[in-house]
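All values reported here derive from a predicted model rather than from experimental measurement. Numbered from 1 within each chain, the chains take letters A, B, ... in sequence-line order.
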Protein chains: 2
Amino acid sequence: MAQYYDAALAPAGLKGTQVALLNAVSLLDRPGMQRLAAALGMDRTTLTRNLRPLEVRALVALWPGEDQRERHVSLTGAGRATLAEALRLWEAAQEQLVSRLGADRARRVLDDLEDLSALARDA
Amino acid sequence: MAQYYDAALAPAGLKGTQVALLNAVSLLDRPGMQRLAAALGMDRTTLTRNLRPLEVRALVALWPGEDQRERHVSLTGAGRATLAEALRLWEAAQEQLVSRLGADRARRVLDDLEDLSALARDA
DNA sequence: GGGCGACAAGTGTATATGCACATATTTGAT
DNA sequence: ATCAAATATGTGCATATACACTTGTCGCCC
C-alpha cells in the first residue's frame with residue numbers, strides 16, 4: 001500500500017510520509033516537535049530527521065518558540081503549493097482504490113483499522 | 001500493529017517479520033531465495049539480510065542447490081522449536097485482538113486487507 | 001566446445017524507524 | 001539567587017527496506 005501511494009505521489013516529488021507530515025503541519029498552527037510527532041503517531045526523533053529534507057527544499061520553515069527549547073514548524077508558500085498538488089494526487093489514487101473496492105467496504109475498512117490500531121496501542 | 005506483535009513475540013526472541021519468515025520456510029519445502037521472497041511479498045535482497053541473523057542463531061540452514069547458483073533454506077531443529085513457541089505467542093496475541101474486536105469484524109478486516117493489497121499491487 | 005545471454009544471489013548505498021543517551025533551556029523549591 | 005529536576009530537542013547506533021550494480025553459474029546455439 002505504501003508503495004502504491006508513493007508511486008502515485010512521485011509527480012509531486014514527495015512520498016506518503018512526507019505528505020502526511022506536511023498535511024499535519026498545515027492543520028496544526030505552528031506545532032512543536034512533540035505535538036507534531038504525536039499527531040502523526042511517529043517517533044519524535046524520526047520526525048526530526050524526516051523534517052530535514054523538507055527544510056532543505058524550503059517546503060517548511062522552523063522557528064524557535066518563546067521557550068527557546070522549542071522549535072515550531074510552519075509551511076512556506078512553496079510547501080503549501082506542493083502539498084496542494086500532492087493532495088490532489090493522493091485523492092486520485094484513493095479514488096482508484098475506493099472505486100474498485102466499493103465505497104462501503106472502503107469506509108468500513110478504515111473504521112476497522114482505526115479501532116484495531118487503538119486496540120493494539122492500548123493492549 | 002507491528003510493534004504490538006513484536007512485543008508479544010519478545011519472549012521467543014523473535015520479531016514479527018522473523019516469525020513470518022520462519023513460518024514460510026516451514027511451509028515451503030526448501031525454497032530458494034526467489035520463491036521465498038515472493039511468498040513473503042518481500043524484496044529478495046531484504047530477505048538475504050533478514051536471513052543472516054537467523055542463520056547466525058542456527059534457526060535456519062542454507063544449502064546450495066543442484067544448480068549451484070541457488071541457495072535453499074530449511075529450518076534446523078532449534079528453528080522448528082523456536083517457531084512453534086513463537087506461533088503460540090502469536091496466536092495468543094491474535095486472540096487478544098480478535099476477542100476485543102469481535103470475530104466477525106476480525107475475519108472481515110483480514111479479507112478486506114487481502115483484497116486491498118491485491119488492488120494496490122495490480123493498479 | 002566456446003562464448004554469450006539469461007538467471008540466482010549478494011553487496012553498495014540510501015532512506016525510514018526507534019531506543020538510549022546527550023545537550024540546552026526552563027521552572028520551582030529553598 | 002542558586003541549583004536541581006523537569007522538559008524539548010538533537011545524535012549515535014542498530015535494524016528494516018529496496019533500488020542499482022556486481023558476481024558467479026547455467027544453458028543454448030553455432
Side-chain angles (χ1 to χ4, degrees), chain A residues 1-10 12-22 24-25 28 30-57 59-74 117 120-121, chain B residues 1-7 9-10 13-22 24-25 28 30-57 59-74 117 120-121:
Chain A
M1 296 287 303
Q3 288 171 4
Y4 167 77
Y5 276 101
D6 283 353
L9 293 170
L14 293 174
K15 301 198 168 182
T17 53
Q18 295 178 313
V19 173
L21 206 171
L22 292 177
V25 172
L28 282 184
R30 289 163 105 76
M33 300 290 113
Q34 298 205 93
R35 273 236 335 241
L36 188 51
L40 289 161
M42 173 186 288
D43 187 87
R44 188 180 54 74
T45 65
T46 301
L47 173 60
T48 294
R49 305 193 217 240
N50 288 354
L51 227 34
R52 184 78 69 103
L54 298 175
E55 188 191 8
V56 169
R57 287 168 62 188
L59 301 179
V60 300
L62 295 167
W63 310 76
E66 287 194 21
D67 182 334
Q68 299 225 294
R69 293 172 298 185
E70 295 177 333
R71 289 172 79 214
H72 294 256
V73 193
S74 60
S117 65
R121 204 177 317 122
Chain B
M1 293 290 301
Q3 289 171 2
Y4 168 76
Y5 276 100
D6 283 353
L9 293 169
L14 293 174
K15 300 199 169 184
T17 54
Q18 296 178 311
V19 174
L21 207 172
L22 293 177
V25 172
L28 282 183
R30 290 164 106 73
M33 299 291 113
Q34 296 203 95
R35 272 232 339 235
L36 187 51
L40 288 161
M42 174 186 287
D43 187 88
R44 188 180 52 75
T45 66
T46 301
L47 173 60
T48 295
R49 303 191 217 244
N50 287 354
L51 228 32
R52 184 76 68 102
L54 298 175
E55 188 191 8
V56 169
R57 287 168 62 186
L59 302 180
V60 299
L62 294 167
W63 310 76
E66 289 195 17
D67 184 334
Q68 301 224 293
R69 291 172 298 183
E70 294 177 333
R71 288 172 80 212
H72 294 256
V73 192
S74 60
S117 65
R121 205 179 317 122

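In the set D/dA18, C/dT25, C/dT17, the nucleotide with an atom closest to the side chain of A/Q68 is C/dT25. Nearest nucleotide to the side chain of A/T45, out of D/dA6, D/dT11, C/dT17: D/dT11. The listed nucleotides are D/dA8, D/dT17, C/dC19; the one nearest the side chain of A/R49 is C/dC19.
Proximity of B/T46 to the phosphate of D/dA16: no side-chain N or O atom is located under 4.0 Å from OP1 or OP2. Taking 4.0 angstrom as the limit, B/Q3 places a side-chain polar atom (N or O) nearer than this to OP1 or OP2 of C/dG18. Proximity of A/T48 to the phosphate of D/dT9: no side-chain N or O atom is located under 4.0 Å from OP1 or OP2. Residue B/R52 places at least one side-chain N or O under 4.0 Å from the OP1 or OP2 atom of C/dT11. Taking only side-chain nitrogens and oxygens, B/N50 comes nearer than 4.0 Å to OP1 or OP2 of D/dT17.
No N or O donor and acceptor, one from the side chain of B/R69 and one from the base of D/dG27, sit under 3.5 Å apart.
When side chains are defined from C-beta on, B/M33 counts as touching B/L62, because their heavy atoms get closer than 4.5 Å.
The separation between B/R44 atom CZ and C/dA8 atom P is 9 Å, rounded to whole Å. Residue A/K15 contributes atom NZ, which lies 6 Å from atom P of C/dA16 at whole-angstrom precision.
Within the 4.0 angstrom heavy-atom criterion, only backbone atoms of the sugar-phosphate kind lie near A/G32; the bases stay farther away.
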